[in-house]
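Here is the structure we will look at.
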Amino acid sequence: MGTFLAPFPSPQPVFPTADTEFPSTAASADAEYSSTILASPDAEFSSSIVALLAMHDDVGPGSSQPNAPFAADADADSANFPLLFAAHEHDHHQAVDTMMMPLPPQVFPDLPVNPIPSSVVQGSIFPGAGEGGATGSTSRSGNRRRPQKRSSSQSNDAPGESSGGQAHAPDRARASRRVWVRKRSTEWWDHLDGPSCPDAEFRRAFRMSRATFGALCDALGGAVAKEDTALRTAIPVRQRVAVCLWRLATAEPLREVSRRFGLGISTCHSIVLQVYHALATVLRPTTITWPEPDSAATVATRFEAAYGLPGIIGAVYTTRVPVVVPKANVAAYYDRGLTERSQKASYSVAVQVVADADGAFTDVWIEPGSLSDAAVLGRWALSGLLGGHGQEQRLVGGTSYPLMDWMLVPYAHQNLTWTEHAFNELVAAARGVARGAVRRLKARWRFLQRRSEVKMQDLPSMIAACCVLHNVCERAGEELDPDLMQYELDDDDGDVVAHDTAPPAPAVQAARDRIAHGLLHGSHASN
């Protein structure tokens with residue numbers, strides 16, 4: 001820090017006298033002022049005042065003067081200056097000595113104590129030459145960039161337009177662009193959805209004919225349809241349903257699905273989930289239904305006509321759907337059988353289905369994959385509706401299920417008799433209806449064959465959607481491509497004997513023996 005040299009205003013007389021003469025020009029006032037100062041015996045005081053006068057005189061023509069107010073006062077009352085200065089000469093002398101006194105070195109020993117040059121003082125207080133100053137010195141504040149002032153014509157223009165009414169290029173481009181959307185090709189989907197696509201190609205792609213696909217879209221239209229917005233046009237219902245069917249049929253990654261349909265990856269994922277839930281909530285109550293008493297009698301008649309077993313209203317089969325390692329309750333989904341076959345830790349969910357004589361599902365039940373077939377059957381919600389009260393309705397299953405009054409299973413002991421062996425063959429054939437239905441289910445919708453990365457909360461909807469689509473295709477008579485039917489189930493536990501259940505009651509064993517004896521002799525005794 002250095003000394004601060006500031007100009008003080010020109011002295012003016014308080015009570016001018018009549019004898020006072022007022023010079024007509026500022027030059028005469030300056031001359032008289034200088035002579036008075038030079039007469040002062042103090043040389044330091046005189047040099048300081050001269051420096052101040054030099055600061056005042058350095059102002060060039062054509063620019064705003066920094067000390068203009070003070071110069072105006074001197075011009076107006078220059079004659080009064082000697083009177084006031086003579087009266088207060090001693091006070092001003094003391095004030096200037098105080099202002100010019102350097103700072104003590106012991107306060108800031110590291111800083112210079114020399115007086116700051118007048119040009120620096122002027123530049124730090126007054127604007128520089130580029131801003132109307134006359135000294136030509138620049139200050140730190142003067143180097144700052146100031147926003148350019150707009151002319152009056154520009155201030156009245158609309159945003160994005162110049163004074164001539166022409167819009168700038170960026171503003172014009174921004175005004176014409178509605179939304180940032182990546183251009184994607186929909187040629188593949190347009191070909192399949194167009195009239196030129198053969199029906200066989202359409203069936204291979206979506207596992208159903210055009211007529212069945214159209215009926216499915218009509219049934220789901222109210223649940224998956226979206227409205228157009230100001231930014232974009234909504235994706236049609238047919239394309240939404242096709243995205244889900246293609247994903248389930250081929251198990252392709254979402255990146256490939258988005259490329260085929262010309263949609264974003266996240267958009268395809270959202271569409272698949274929406275159609276999952278629509279199939280599970282809208283069509284499942286009307287597509288997967290437990291048979292009523294009248295329809296149950298019809299199903300039992302068909303089973304008996306085909307396999308000779310009385311009172312059978314459905315065949316039971318339990319399959320496994322691989323899943324990724326769950327985030328919670330990992331032990332409940334650990335699948336020992338799948339782990340032994342794949343030689344690595346595997347996890348799954350158990351899907352128990354009941355099929356009628358046509359191979360359509362009448363019930364679907366999902367449990368964690370660590371449970372056995374018998375344990376899944378024990379948790380089945382409809383188990384309490386069967387058996388007892390003299391009912392003759394039964395289900396047929398493999399040896400992995402327990403023998404009960406409403407569940408008919410083969411004989412599992414060694415050294416079977418001819419009657420028992422014939423009975424086991426008929427039970428296996430009837431159970432094959434459910435096994436074949438599950439095989440077609442997984443062959444048609446390959447997404448169930450691979451390890452599913454669907455979240456656990458969305459997995460039941462996905463499995464239910466596949467079962468709903470299976471029933472739609474089965475009842476519409478949609479045939480599978482022979483190449484797809486090469487798939488074979490690898491989780492058949494029909495030969496595994498259920499050891500984790502209580503032994504059957506003697507009355508239940510006797511009822512099975514009577515049925516087996518009746519098959520051999522051509523009569524069916526249910527009791």
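Residues Leu254 and Arg247 share a closest heavy-atom pair of N-NH1, 3.7 Å. The heavy-atom pair separating Val237 from Ala225 by the smallest distance is CG2-CB, 3.7 Å. Between Trp445 and Cys473, the shortest heavy-atom distance links the atoms CZ2-SG, 4.3 Å. Across all their heavy atoms, Pro402 and Ala374 have their closest contact at CD-CB, 3.9 Å. Across every non-hydrogen atom of Thr419 and Ala516, the tightest pair is CG2-O, 3.4 Å. In this structure, Ala328 and Tyr333 approach most closely via the heavy-atom pair O-CE1, 4.3 Å.
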Please report the C-alpha distance between Tyr334 and Ser346 in whole Å, then the side-chain angles of each, then the deciding distance to 0.1 Å, and finally whether the side-chain hydrogen bond (donor to acceptor under 3.5 Å, both in side chains) criterion is met.
CA-CA 6 Å; Tyr334 179 75; Ser346 303; over 6 Å; no
Test salt bridge (charged side-chain N to carboxylate O under 4.0 Å, His left out) applied to Arg260 and Glu252, step by step:
CA-CA 11 Å; Arg260 291 180 181 273; Glu252 277 189 351; 3.1 Å; yes
Intermediate values then yes/no, salt bridge (charged side-chain N to carboxylate O under 4.0 Å, His left out), Asp358 and Arg302
CA-CA 9 Å; Asp358 297 327; Arg302 297 189 59 184; 2.4 Å; yes
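Neither side chain, Thr298 nor Ser295, offers a donor N or O lying under 3.5 Å from an acceptor on the other. No side-chain donor from either of Glu187 and His191 sits under 3.5 Å from a side-chain acceptor of the other. Side chains of Tyr411 and Asp513: a donor-acceptor N/O pair is present below 3.5 angstrom, by distance only. Between the side chains of Thr339 and Lys344, no donor N or O sits under 3.5 Å from an acceptor N or O. Side chain to side chain, Glu367 and Trp365 meet the donor-acceptor criterion of an N or O pair below 3.5 Å.
A 4.5 Å side-chain heavy-atom check between Leu408 and Arg512 finds at least one atom pair inside the cut-off. Residues Cys268 and Arg255 have side chains not in contact (no heavy-atom distance under 4.5 Å, counting atoms from C-beta outward). The shortest distance between side-chain heavy atoms of Met456 and Val349 falls below 4.5 Å. Inter-residue side-chain proximity for Met485 and Arg439 is flagged as met; some heavy-atom pair is nearer than 4.5 Å. The side-chain heavy atoms of Thr267 and Phe261, taken from C-beta on, include no pair separated by under 4.5 Å. Within the 4.5 Å cutoff, the side chain of Leu248 has no heavy atoms near those of the Arg444 side chain. A heavy-atom distance below 4.5 Å is not found between the side chains of Val396 and Met407. With contacts defined as side-chain heavy-atom distances shorter than 4.5 Å, the pair Leu263/Thr186 does not qualify.
Electrostatic pairing of Arg204 and Glu201 does not count as a salt bridge here, judged by no charged N lying under 4.0 Å from a carboxylate O. Using a cut-off of 4.0 Å between Lys/Arg side-chain N and Asp/Glu carboxylate O, Arg320 and Asp373 are scored as salt-bridged.
Ring planes of Phe206 and Trp246: perpendicular class, angle over 60° (limits at 30 and 60°).
Residue Val353 forms a side chain to side chain contact (heavy atoms under 4.5 Å, CB included) with just one option from Val316, Thr362, Val364, and that option is Val364. Test Glu474, His470, Glu478 against Arg440 for side chain to side chain donor-acceptor pair (under 3.5 Å) and you get one pass: Glu474.
Counting non-hydrogen atoms of other residues, nucleotides and ligands closer than 6.0 Å to CZ of Arg446 gives a total of 12 or fewer. More than 12 heavy atoms of other residues, nucleotides or ligands sit less than 6.0 Å from atom CD of Glu488.
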Using a 3.5 Å cut-off and no angle test, enumerate the donor-acceptor pairs between side-chain atoms of residues 276-283 and protein atoms at least two apart in sequence or in another chain.
from	atom 1	to	atom 2	distance (Å)
His277	ND1	Ser461	OG	3.2
Thr281	OG1	His277	O	2.5

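No donor-acceptor pair under 3.5 Å is formed between the side chain of Asp335 and the backbone N or O of Ser348.
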